[in-house]
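Report on the structure given below.
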Amino acid sequence: MRPFKYTRATDVAAAAKTVSTNREAAFLAGGTNLLDLMKEGVAKPSELVDISGLAFSKIRSSGNVISIGSTAKNSDTANHALIRRNFPMLSQAILAGASAQIRNMATNGGNLMQRTRCTYFYDVNMPCNKREPGSGCGAMEGINKGHAIFGWSDKCIATNPSDMSVALMALDAVVKVSGADKKQRSIAFADFHRLPGDTPEKDNTLEPGEMITSIDIPMSSAGMAANSYYLKVRDRASYAFALVSVAAAFEIKGGSVAKARVALGSVSHKPWRCDQAEKLLTGKSLKDLNDASLRAAVDAELMDAKPLEHNGYKVELARRAMVLAFKRALKSEVVA
Amino acid sequence: MSDNFPELVDELTADEAELLEEVLSDLGESRRKFIGQSSTAVLGAVVLQFLAKRTALAGEEMAEFVPLGDEQAVKVSFRVNDAAKSVSVDSRMTLLDALREKLALTGTKKGCDHGQCGACTVMMDGRRVLSCLTLTAQCEGRSVTTIEGVAKGDVLHPMQTAFIKHDGFQCGFCTPGQICSAIGLMHEARNGELSYVSKDMRKTAASITLSDEEIRERMSGNLCRCGAYPNIVAAIREVHTGKATDPMAVIFDMSKEGSDATV
Ligand SMILES: Cc1cc2nc3c(=O)[nH]c(=O)nc-3n(C[C@H](O)[C@H](O)[C@H](O)COP(=O)(O)OP(=O)(O)OC[C@H]3O[C@@H](n4cnc5c(N)ncnc54)[C@H](O)[C@@H]3O)c2cc1C
Ligand code: SF4
Ligand code: FES
Ligand code: FES
């Protein structure tokens, strides 16, 4: 591991300044992703600014949003009364990720910022455009079973593994960030992570030195609390990254779907919002929701999927997982 | 390349001597001999010689091997098993390595060193965490409990007793991590915390009683190469529910294992 200077941040602006001035510096939160990558020689920061002591660990109700602090732990977030009551699907998604120990260490900001990646990214002996721009993509010609079926480019086909982010996408969250010059920005969740295009080294739209301070979820999304579900499908029952995951949430009013929110995980470089499916489900009377109509919504979404050599199964898996997640979200509301 | 080296001084403070030890740590046998015979001034020369040799041998690779300047050294004061400790370490040193190499607490095991197996699980301020993905530097002011600290003197922790009773291990390598993790699990259940298999996220309760499915899900961060899982679950169930069970019963129960798995 490359030697680095370790400092504890006491002030956001100063921490942001350090990281924006020294392009080799990085924020350290729980360390569960960064330290792992440093041990593999994939990340080589010369300086770590530990932000875990900054005052961003609160989860609170503020006006018409629930604001989730960036340095709050994943486990504390999933178990917080405000989250359980208003956004149970977010609790589910967080709890579907990693292990109890890792969730006790991992922070919310770190979870969103964990690298979009694949096993070739970890292996410094393999080409990887994300790790080393211009070196090629090991996975494209290699084994791409876990890779993207949406939005990939010829430069990178990796998927974003964050479970939490899939739920946040469906809950219309907003990411609040603070920069070196104390400039604050709000980024709609759909604009936070990015597709690889020609610059797969960039996972998201943060500027150097910008720090996530909170993730805000509008209370309007709490209307979907009773009819929401996060389904994660993986190679083993627990403690594995998703092959495909689905966040599905509905607001039911007067016997029909007033609002539908659907997002897929592990199918793209970013959490994948399913506009097509949402459109077809919105306004539907519950009476008309059955296997055939749910399936039609799913098929409309998956029509544009572009599987790679080894991951064609993901299209069918996503199809079945989406229908199942819809049914679990709608519970007794639909006749299966 | 000597420009990269801090100025050598004749008199080393205790901390500096410790750092020097760190730098020299892979000289092995010859290092021990040297330290036995040498004054600290000579040690300075040893460092230079050692580095020159290593550079000649390893070429490029050595570029990343620089002696600890003030920038890379961190002093950390924390509590380990209820005793105040203060260590001076390379900023790169994980809590796992500090426990094992600096504090001679070798109960905590290094399995994968990448957060994937749970062998290194310890408690930090009462919550289970992975010491292999924690920098020692992050432990300032914290309180760490390792497997060496869970018993009260000669009285084993109930979880240790239950693991013995139910044969919750074979080789024992994963066991310190399993036990620390299980103790953490108990606290979490007592606080009413959820898991992915909990039936209703919105239903809150002060404390919850866990099914075997819940125990398995909550322990999924601890792998056991020997496959002692059914016995581990039996041990945890016994301590968690307070109901003693017959260790033999699990053998007849194994056919049911996994039958209620989700998804
Ligand atoms: C074995 C294993 C299994 C896992 N399984 C899953 C899984 O199934 N699902 C899942 O979703 N995740 C999984 N993870 C990933 C885990 O969730 C992340 O590692 C964790 O959420 C990262 O949070 P952290 O606080 O530890 O981040 P760190 O490792 O401290 O930081 C990660 C990155 O984020 C940056 N950063 C941190 N905080 C901020 C901030 N506030 N503003 C700007 N930048 C910031 C850091 O500079 C760094 O680049 C797994 C991890 C491991 C090790
Ligand atoms: S898919 Fe992306 S991360 Fe994986 S090897 Fe290719 S460029 Fe690297
Ligand atoms: S050694 Fe820490 S999880 Fe394996
Ligand atoms: S007892 Fe051998 S690894 Fe668990």
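Remember, predicted model here, so these are calculated numbers, not experimental data.
Within the 4.5 angstrom heavy-atom criterion, atoms from both the backbone and the side chain of B:T204 approach chain A. Both the backbone and the side chain of B:D113 come within contact range of chain A, judged by heavy atoms closer than 4.5 Å. For chain A, the nearby parts of B:L135 are the backbone and the side chain; heavy atoms of each come within less than 4.5 Å. Residue A:D50 touches chain B through its side chain alone, counting heavy-atom pairs closer than 4.5 Å. With a threshold of 4.5 angstrom between heavy atoms, A:S75 approaches chain B through side-chain atoms but not through N, CA, C or O. With a 4.5 angstrom heavy-atom cutoff, A:A29 touches chain B only via backbone atoms. A:L48 touches chain B through its side chain: at least one heavy atom from C-beta onward sits under 4.5 Å away, while N, CA, C and O do not. With a threshold of 4.5 angstrom between heavy atoms, A:A225 approaches chain B through its backbone and through its side chain. B:S198 does not touch chain A: none of its heavy atoms, backbone or side chain, sits under 4.5 Å away. For B:R218, the part lying near chain A is the backbone, with the side chain staying farther off; criterion is any non-hydrogen pair under 4.5 Å. For a residue to count as touching a neighbouring chain, one of its non-hydrogen atoms must lie under 4.5 Å from one of that chain's; by this rule A:A96 touches chain B with backbone and side chain alike. Using a 4.5 Å cut-off between heavy atoms, B:E188 touches chain A through its side chain atoms alone.
The candidate from B:N222, B:V129, B:L194, B:D200 with the greatest count of non-hydrogen atom pairs under 4.5 Å with chain A is B:L194. Looking only at heavy-atom pairs under 4.5 Å with chain A, the residue among B:G118, B:G184, B:C132 that has the most is B:C132.
Among residues at least two apart or in separate chains, side-chain hydrogen bond (donor to acceptor under 3.5 Å, both in side chains) pairs with a member in residues 235-247 of chain A are A:K145-A:D235, A:Y230-A:S245, A:S238-B:E217, A:S238-B:S220.
For residues 81-90 of chain A, heavy-atom neighbours of chain B at less than 4.5 Å comprise A:R84, A:R85, A:P88, sorted by residue number.
Listed by chain and residue number, nothing satisfies the side chain to side chain donor-acceptor pair (under 3.5 Å) test with A:S221 (two or more places apart in sequence, or in another chain). Every residue was checked against the side chain to side chain donor-acceptor pair (under 3.5 Å) condition with A:D76, not counting sequence neighbours, and none meets it.
Geometrically, B:R216 does not engage B:Y196 in a cation-pi contact defined by less than 6.0 Å to the ring centre and at most 45° from the axis.
Residues A:Q101 and A:S99 meet the side-chain proximity criterion, which asks for heavy atoms closer than 4.5 Å. Counting only heavy atoms from C-beta outward, the side chains of B:D212 and B:E214 never approach each other to under 4.5 Å. Side-chain contact between A:F27 and A:M211: present, with at least one pair of heavy atoms (C-beta onward) separated by less than 4.5 Å.
Taking the charged nitrogens against the carboxylate oxygens, A:E47 and A:R2 have no contact shorter than 4.0 Å, which rules out a salt bridge. In this structure, A:R319 pairs ionically with A:E316, as a charged nitrogen and a carboxylate oxygen lie closer than 4.0 Å.
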Q: Please lay out, stage by stage, how B:D97 and B:R92 fare under the test salt bridge (Lys or Arg N to Asp or Glu O under 4.0 Å).
A: CA-CA 10 Å; B:D97 287 340; B:R92 290 168 288 184; over 6 Å; no
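In terms of heavy-atom proximity, A:I59 sits nearest to A:T77 at CD1-CA, 3.6 Å.
No close placement of the A:Y229 and A:F326 rings is indicated, their centers lying 6.0 Å or farther apart.
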